[in-house]
Amino acid sequence: MASHLRMFKDFFHHIGVFITEFFQKEESWVFLFFLATAVAVPFFTANDILNTVLSFIALTWWFWIFSPLFLLLRAVILYVRQERFKRSVKTAFFELNIPREMETNPKAMEQILSTMQSLRSAPRSIGDKYFKGKVPLWFSFELVSFGGKMRFFMRVPEENKGVVEAAFFSYYTDVELVEVNDYMDTFPKNVKGLHEQDKEIWGTEYILAREEAYPIKTYTHFESESEAKQLDPISNMLEVLGKVRNEETVGIQILAQPADSDWSEKWENLLTELRTPKTVDVGKGEDKKSVSMHSPGHEETLKEVEKNLSKPAFETIIRIFYVSPKDIFADSYIKSGISGAFNQYSSRNFNAFKSNSDAGTGIGGFKFFKKDERTNYRKEMFFYNVRNRMLPPESWIGKLLSSYLLASNFASKKFTMNIEALATIFHPPASFVLTAPHMKRVESRKTGPQSGLDIFGEEHEIEKFK
Amino acid sequence: MEIIQNIETLPWGNIFYLLRDLFIVLDIASLFLLIYFIRQALSMRPKFKIPKDHFERKEMLKGDKELIKRWSEIKKKSTLHPPQSYSLAVIEADTFIDSLLTRMGLEGKTMKEKLDQLDPEEIVTLKTLWRVHRIRNMLVHTAGFTLSEKQAQEVLDGYEMFLKELEIIET
């Protein structure tokens with residue numbers, strides 16, 4: 001009896017599985033639709049069908065209009081609110097003064113970034129999202145060369161200032177964080193102003209060449225035990241930027257917005273694909289066997305991808321800009337120098353950086369229609385984004401609404417990069433790099449006062465020293 | 001189309017019409033809201049009009065008869081009921097000049113922002129305009145400030161010099 005029961009059970013179970021699988025496939029729905037039409041059509045004339053459809057639409061048009069209208073409205077409102085919010089964020093601008101003697105490696109920067117990632121302020125309620133237009137606040141890490149003098153900057157939301165300062169102080173005891181004025185304010189407001197000062201601008205964005213799941217080569221790949229073999233890829237960047245002429249300004253701006261902590265879930269499929277071993281048939285006839293194969297390179301890729309996905313990440317935008325007087329304007333050195341420096345992080349098995357020139361100041365290959373006006377608009381758009389550290393709008397509608405006819409805002413693209421990679425491309429260089437003469441440095445070592453000293457005065461009087 | 005007439009006879013016919021009216025109202029409302037927010041969104045775009053040349057800007061409003069008429073009206077009003085009409089005329093003249101600046105394609109919230117974009121070498125009377133605009137500001141913002149006839153005349157003359165330079169009124 002029991003075996004009969006089980007048989008029935010199995011039978012219905014199989015039917016159940018079949019039905020669920022059947023309805024999950026899009027093809028079956030298409031098939032059903034054709035079947036239904038084929039059955040229904042012989043009973044009606046074409047006129048009948050048309051009439052029914054028309055009267056159905058006449059009766060219910062108000063409903064069908066509503067949903068697309070509402071969705072569109074929602075997207076536009078969200079965009080407007082978010083843009084307002086982004087512009088209203090108060091920020092603090094820091095310069096990182098780096099001492100001559102410093103042993104700390106990028107690992108410390110990674111720790112700081114992981115603290116900063118946890119500051120992610122995602123909207124938690126509908127009110128936050130649609131009325132305040134909250135988006136996670138973003139940071140800006142900048143490496144700027146003023147005529148060959150290198151300076152490190154950081155822009156932080158005012159409300160996160162304390163946490164960031166504390167994090168820096170705990171990992172880089174000797175690095176001084178000094179609040180300074182934004183150097184961008186020394187530039188004119190727009191490219192028109194730059195042109196009036198007889199200056200020209202070039203710029204581009206850098207993005208990852210492959211899927212974000214593949215990591216770039218990080219500092220762990222450059223490290224070694226003996227100090228003589230220590231490499232820091234940032235030194236190449238510093239050398240390139242340090243060689244510009246006196247009147248020129250070159251900068252690398254890395255915008256980083258804390259990403260959701262489940263960012264890696266998007267890449268689950270890729271991971272399973274990588275994990276599935278490739279099988280190869282060996283032997284003939286009776287001896288035929290399937291053997292799973294993994295090349296060592298494949299193993300390594302899998303390992304690196306898993307490691308990459310396991311760390312918290314930032315939504316990143318990397319912008320390069322170059323401003324120079326018109327008569328000595330030569331962007332080819334910067335173009336090749338920067339792309340060479342970024343090329344250090346690439347590897348065939350992993351990922352690489354590439355220039356996203358559509359988001360830069362160039363207009364691409366099509367040069368026949370309104371060339372000057374388009375170039376001008378592109379430059380203005382790029383300079384505006386760099387100057388205000390703007391993140392591109394989230395939605396398609398937002399991108400459309402922030403575009404001009406001659407300069408679209410679609411190309412600028414965020415990509416997710418984990419803290420290890422971010423720490424690799426931006427960190428205070430250790431002392432073995434610091435032999436470079438271009439860096440502005442703090443000469444002497446500074447320490448805090450000993451604890452437990454008597455403090456004379458009231459709380460409010462010591463406020464300003466905090 | 002027969003179905004439409006039949007709906008009223010159905011038991012849920014009333015609800016159907018109620019729903020329909022409700023949705024039509026919602027449709028119209030969201031359409032208007034959509035237009036409103038799209039206009040807001042477009043106004044938030046960074047503004048970088050390819051700028052008009054200064055020379056071109058100077059000659060933009062040349063020979064507009066409507067402007068001559070409005071200016072002579074303002075001047076006429078100033079003498080109607082002294083001394084209050086002096087202050088009124090000065091304020092009105094300032095608003096008039098401000099609207100001209102906007103029409104010339106200068107952007108900015110206040111007149112100061114607009115004037116900052118003009119080149120003093122290009123427009124000779126810019127300094128005078130600044131001076132009289134300051135007098136007008138004092139008039140508006142300082143309590144107890146009274147404008148004498150002489151001062152009022154000076155301010156209006158200052159504005160007129162600017163208009164003359166733009167060749168809106170003839171010298």
Side-chain angles (χ1 to χ4, degrees), chain A residues 51-52 54-56 58-84 86-87 189-193 195-196 370 372-385 387-388 390 393 397-398 400-404 406-407 409, chain B residues 1-10 12-57 105-109 113-114 116-122:
Chain A
N51 261 338
T52 324
L54 278 183
S55 59
F56 182 69
L59 270 179
T60 54
W61 59 269
W62 38 268
F63 184 74
W64 306 117
I65 288 185
F66 181 70
S67 37
L69 213 56
F70 178 74
L71 290 177
L72 195 62
L73 179 66
R74 197 179 66 170
V76 174
I77 289 183
L78 190 62
Y79 164 70
V80 171
R81 302 280 188 206
Q82 284 182 343
E83 274 316 278
R84 285 235 178 95
K86 281 188 196 168
R87 278 152 215 223
K189 264 188 192 154
N190 50 21
V191 175
K192 185 196 147 207
H195 284 169
E196 273 170 12
K370 291 198 169 190
D372 293 339
E373 211 171 333
R374 274 165 61 219
T375 324
N376 242 334
Y377 260 98
R378 278 245 59 92
K379 283 179 188 166
E380 291 280 12
M381 187 67 101
F382 179 81
F383 189 58
Y384 176 81
N385 282 338
R387 200 172 190 284
N388 298 300
M390 283 308 275
I397 284 286
L400 183 72
L401 288 174
S402 61
S403 295
Y404 279 95
L406 296 177
N409 198 15
Chain B
M1 292 298 122
E2 302 134 40
I3 312 169
I4 299 181
Q5 280 127 40
N6 292 341
I7 276 181
E8 273 159 276
T9 59
L10 291 171
W12 40 267
N14 283 334
I15 300 174
F16 175 82
Y17 279 111
L18 192 72
L19 259 182
R20 193 184 72 168
D21 293 348
L22 191 74
F23 266 94
I24 289 175
V25 169
L26 280 177
D27 283 346
I28 293 169
S30 41
L31 192 67
F32 274 101
L33 277 176
L34 190 66
I35 292 169
Y36 172 75
F37 276 106
I38 285 181
R39 290 188 62 165
Q40 291 243 310
L42 291 182
S43 75
M44 268 181 349
R45 288 187 302 186
K47 292 181 188 59
F48 23 80
K49 259 186 204 135
I50 303 302
K52 289 209 167 65
D53 212 11
H54 285 304
F55 287 107
E56 208 177 301
R57 193 176 261 161
L106 299 171
E107 279 158 6
K109 276 181 195 148
E113 280 175 31
K114 289 173 194 167
D116 275 341
Q117 296 168 44
L118 289 176
D119 189 356
E121 281 177 21
E122 198 70 56

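If you're wondering where the values come from, they're calculated on a predicted model, not measured in any experiment. Hydrogens, waters and symmetry mates play no part in the numbers below; they use all other heavy atoms, side chains included. The sequence lines fix the lettering, A, B, ..., with proteins before strands; numbering per chain opens at 1.
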Euclidean distance, Leu34(B) CG relative to Phe70(A) CZ, rounded to 0.5 Å: 12.0 Å
Any donor-acceptor N/O pair, Arg45(B) side chain to Ser403(A) backbone, under 3.5 Å: yes
Reported CD1-to-CD1 distance for the pair Ile38(B) and Ile397(A), which is rounded to 0.5 angstrom: 7.0 Å
Check against side chain to side chain contact (heavy atoms under 4.5 Å, CB included), Tyr36(B) and Ile77(A): CA-CA 10 Å; Tyr36(B) 172 75; Ile77(A) 289 183; over 6 Å; no
Segment of Met390(A) engaging chain B (4.5 angstrom heavy-atom cut-off): neither
Within-4.5 Å side-chain heavy-atom neighbours: Phe37(B) and Leu78(A): no
Residue part contacting chain B, namely of Arg387(A), when any heavy atom lies under 4.5 Å: neither
Value rounded to 0.5 Å, distance of CG in Leu73(A) from OG in Ser30(B): 6.0 Å
Side chain / backbone / both / neither for Leu22(B) at chain A, heavy atoms under 4.5 Å: neither
Considering all heavy atoms, the nearest Leu401(A)-Leu42(B) contact: O-CD2, 3.6 Å
Worked verdict on Tyr79(A) versus Gln40(B) for side chain to side chain contact (heavy atoms under 4.5 Å, CB included): CA-CA 10 Å; Tyr79(A) 164 70; Gln40(B) 291 243 310; over 6 Å; no
Mutual orientation of the aromatic rings belonging to Phe23(B) and Trp62(A) [parallel < 30°, tilted 30-60°, perpendicular > 60°]: tilted
Distance, nearest 0.5 Å, that separates CG of Leu69(A) from CG of Leu33(B): 9.5 Å
Minimum heavy-atom distance between Met44(B) and Arg87(A), given as atom pair plus value: O-NH1, 2.8 Å
Heavy atoms from other residues, nucleotides or ligands near CZ of Phe66(A) exceed 12 (cutoff 6.0 Å): yes
Engaged part of Tyr384(A) at the chain B interface, taking heavy atoms whose separation is under 4.5 Å: side chain
